[in-house]
Amino acid sequence: MVKITYVTHEGTEKEVDVAVGLSIMEGAIHNGVDGIEAVCNGNCYCGTCRIYVAQGWLDKLTPAAEEELAMIEAAGEEDPNARLACQIPVTEALDGIRVTTPEFQK
């Protein structure tokens, strides 16, 4: 299990254990984390699992594919730390990662 801290846009934190192999989105859904809607169930075509990855963690993630970048752009997102939680597989290297949810999902 990997510890992930989900932070709401208001600053409320929820640290949970997530199994390696799940996505950061699945970890949020399985643990009742607010702010991640995941309307498409992790298929990378709705963009409602957008998160902001804390500084220092981006280089530990698999790079965003074109489809993910297109969804982020379609949401009008400009933050360079924005990613879709459904596209980030949980690995041991992510133990301790912090991600923040936006004020609302677009």
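- If you take CG on Leu84 and CD on Glu68, they are separated by 4.5 Å, rounding to the nearest 0.5 Å.
- Leu22 and Met25 fall within a single hydrophobic cluster, where Ile, Leu, Val, Met, Phe, Trp and Tyr are joined by side-chain heavy atoms under 4.5 Å apart, directly or via other members.
- Contact between Glu37 and Ile29 at its shortest, heavy atoms only, is O-CD1, 4.5 Å.
- Side chain of Lys14 to backbone of Asn31: a donor-acceptor contact under 3.5 angstrom is found.
- Ile88 and Val33 fall within the same hydrophobic cluster, where Ile, Leu, Val, Met, Phe, Trp and Tyr residues are linked whenever their side-chain heavy atoms come under 4.5 Å apart, directly or through other members.
- In terms of heavy atoms, Ala85 sits closest to Ser23 at O-CB, 3.7 Å.
- Heavy atoms only, all atoms of each residue included: Ile36 and Cys49 are closest at CG2-CB, 3.7 Å.
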### Message
Applying side-chain contact (heavy atoms from CB on, under 4.5 Å) to Ile24 and Val90, what does each step give before you reach the verdict?
### Response
CA-CA 6 Å; Ile24 288 181; Val90 174; 4.0 Å; yes
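- Counting heavy atoms from C-beta outward, Glu13 and Arg98 have side chains that approach closer than 4.5 Å.
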### Query
Yes or no on side-chain contact (heavy atoms from CB on, under 4.5 Å) for Ile4 and Leu94, after CA distance, side-chain angles and deciding distance?
CA-CA 8 Å; Ile4 299 177; Leu94 299 185; 5.8 Å; no
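- Side-chain contact check for Thr5 versus Val99: every heavy-atom pair is 4.5 Å or farther apart.
- Separation of atoms CG (Leu61) and CD (Gln87) is listed at 12.0 Å; rounding is to 0.5 Å.
- Between Cys86 and Asn43, the closest side-chain pair of non-hydrogen atoms is not below 4.5 Å.
- Counting only heavy atoms from C-beta outward, the side chains of Val18 and Met1 never approach each other to under 4.5 Å.
- Distance check, rounded to the nearest 0.5 Å: NZ of Lys60 to CG of Asp95 gives 10.5 Å.
- Around CD of Glu15, the count of heavy atoms belonging to other residues, nucleotides or ligands within 6.0 Å exceeds 12.
- Residue Glu10 places its CD atom among more than 12 non-hydrogen atoms of other residues, nucleotides or ligands, all under 6.0 Å distant.
- Atom CD in Glu77 sits 3.5 Å away from atom OH in Tyr52 (nearest 0.5 Å).
- Residue Tyr6 forms a side chain to side chain contact (heavy atoms under 4.5 Å, CB included) with just one option from Val16, Thr101, Ile51, Ile97, and that option is Val16.
- Both Val20 and Trp57 sit in one connected hydrophobic cluster of ILVMFWY residues. Membership requires side-chain heavy atoms under 4.5 Å apart, directly or through other members.
- We find the OG1-CZ distance between Thr100 and Arg50 to be 12.0 Å, quoted to the nearest 0.5 Å.
- In this structure a side-chain-to-backbone donor-acceptor pair under 3.5 Å is present from Thr48 to Ala38.
- Separating the CD atom in Glu73 from the CD atom in Glu66 is a distance of 11.0 Å, to the nearest 0.5 Å.
- Using a 4.5 Å heavy-atom cutoff, the side chains of Val2 and Thr91 are not in contact.
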